[in-house]
Amino acid sequence: MTSSFPEGFRWGVASASYQIEGAVAADGRGPSIWDTFSHTPGRIDGDDDGDVACDHYHRWAEDLDLIRSLGIPAYRFSVAWPRVMPDGRTVNQAGLDFYDRLVDGMLERGIDPLLTLYHWDLPQALDVGEAGGWLDRDIADRFADFAVVVGKQLGDRVPAITTLNEPWCSAYLGYAKGEHAPGRTSSPLAYRAAHHLNLAHGRAAAALRSTLPAGAEVSVTLNLQQVQAASDRPEDLAAAAHADLVANRIFLDPMLRGGYPLELLEQTAHLTDWSFVADGDAEVICQPLDFLGVNFYNPVRICAPAAGLAPYPGTDRACFVDIPGPHTVMGWPIQASGLTDLLLRVQRDHGIPMMVTENGTACADLPDGQGVVHDLDRIDYLHQHLTAVRDAIEAGADVRGYYLWTLLDNFEWAWGYDKRFGIVHVDFDTLSRTPKDSARWYADVIARNAPP
Ligand code: FCB
């Protein structure tokens, strides 16, 4: 790859509160559904939890120094709702103060903040009983209140706020597959949760517009799936189109087009009657957005249901088949062209500016005798995916930035600490941070505005 990125292209790294902060009881923070989930035996590999994580809550200044020393101009982080509102409703100023310090710290170092409101750490107090959490319609108003509190406190210094990170994961992994908190396993519930996530996004986006200074950007981040049909057989093509409805259009269409696709309602009618959608919801959900955040790790290949194949989360009308070729240590296929195709599809269907808000890979990172990690596999993955972004831009996609996932090795949800995505190695015994080769490579990419 030789040609450069557009002038002003925003280069960053991304993180999420529960994955790095630790300090789960500090300064009045309340428990989140991920504290409960990770403390339930058997839920997380190695029964790991986020109690300490990278201790970023206490080491934030060192971490911001690291970002600056690598010359990374932008940082995407998330605010822990249970720090700011421990019971999901009442403001805890000490929790809010942490993000005040963090944002001021970024600005002092010349780092441009991109704030995510919800990266999965729902206050446990809002997930009570069978119909709590994202199953409760009321959560949309609770979330809008939280957005206003954060917007009032930080909106004068944070130029861009994202409502939700990957509502697909919250809905399907949290309520259908049970792999994420709160660990429910009922497909019908996933659709109800998805709708309330959409509604919460809409209410929060509208509330932010009336709270933030003019010119502040409002966005949402989706982990859009680049869905490939396993073959040209009509049943595989239909299964792939169905997976696209369930995975992508369930969020894209209401958020950007003003309503759910009729085919989605028809094809899921045996799972849910959609009676949780009320009059006027469509208008609430469809708010003007300044850009769409796109997270991408790998494409998915889909076929018609067949014995022995893993069903697509939330539905019985599509199954996964493996994509041949190289895979990461997560078992995820590596196919960077999927990212080009995905960005061009969003451009074609929605014509909205985009930001890649997450992309990166876990590797079997082993420090050498000097504690340094030579992560050539990660550099190779990043090189391929940056080429894919550049290709999409050259083919007409309006992509304005790229946030690498992630700065630090951290708590990788159900996988615990075993899976390392950082460009900076973290020794989880001493918590010391050591930049990997990929960190220096990325610094060079940024300095040139193009990979070497
Ligand atoms: C995404 C999450 C992020 C991280 C990466 C690997 O789905 O948003 O927190 O875990 O996957």
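Both counts, for ligands and for their atoms, begin at 1 and track the order of listing.
Annotation for ligand 1: atoms under 4.0 Å from non-hydrogen atoms of Phe421 are 6 (C). Distances below 4.0 Å separate heavy atoms of Gln19 from the following atoms of ligand 1: 3 (C), 4 (C), 9 (O), 10 (O). Near Trp120, with a cut-off below 4.0 Å to any heavy atom, the atoms of ligand 1 are 2 (C), 7 (O), 8 (O). Near His119, meaning under 4.0 Å from one of its heavy atoms, ligand 1 places the atoms 2 (C), 3 (C), 8 (O), 9 (O).
Side chains of Val150 and Leu115 form a contact here, defined as non-hydrogen atoms less than 4.5 Å apart. Using a 4.5 Å heavy-atom threshold, the side chains of Leu70 and Tyr442 count as separate. Within the 4.5 Å cutoff, the side chain of Thr116 has no heavy atoms near those of the Val79 side chain.
No side-chain donor-acceptor contact under 3.5 Å links Asp136 and His196.
Polar contact check, Trp332 against ligand 1: no nitrogen or oxygen pair lies under 3.5 Å apart.
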Self-check item: Step-by-step ring-ring contact (aromatic ring centres under 6.0 Å, His included) determination, Trp81 to Phe143
Solution: CA-CA 9 Å; Trp81 190 348; Phe143 185 61; 5.6 Å; yes
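Under 4.0 Å from ligand 1, the heavy atoms of Asn165 that appear belong solely to its side chain.
Relative to atom 5 (C) of ligand 1, the option among Trp413, Phe411, Trp415, Tyr297 with the closest non-hydrogen atom is Tyr297.
Results of the salt bridge (charged side-chain N to carboxylate O under 4.0 Å, His left out) test with Asp244 over Arg249, Arg345, Arg317 single out Arg345 as the only residue that passes.
The protein heavy-atom contact nearest to atom 3 (C) of ligand 1 is Glu358 OE1, 3.3 Å. What sits closest to atom 7 (O) of ligand 1 on the protein, heavy atoms only, is Glu166 OE1, 2.6 Å.
Using the six-membered ring where Trp is involved, Trp441 and His383 have ring planes that are tilted, between 30° and 60° apart.
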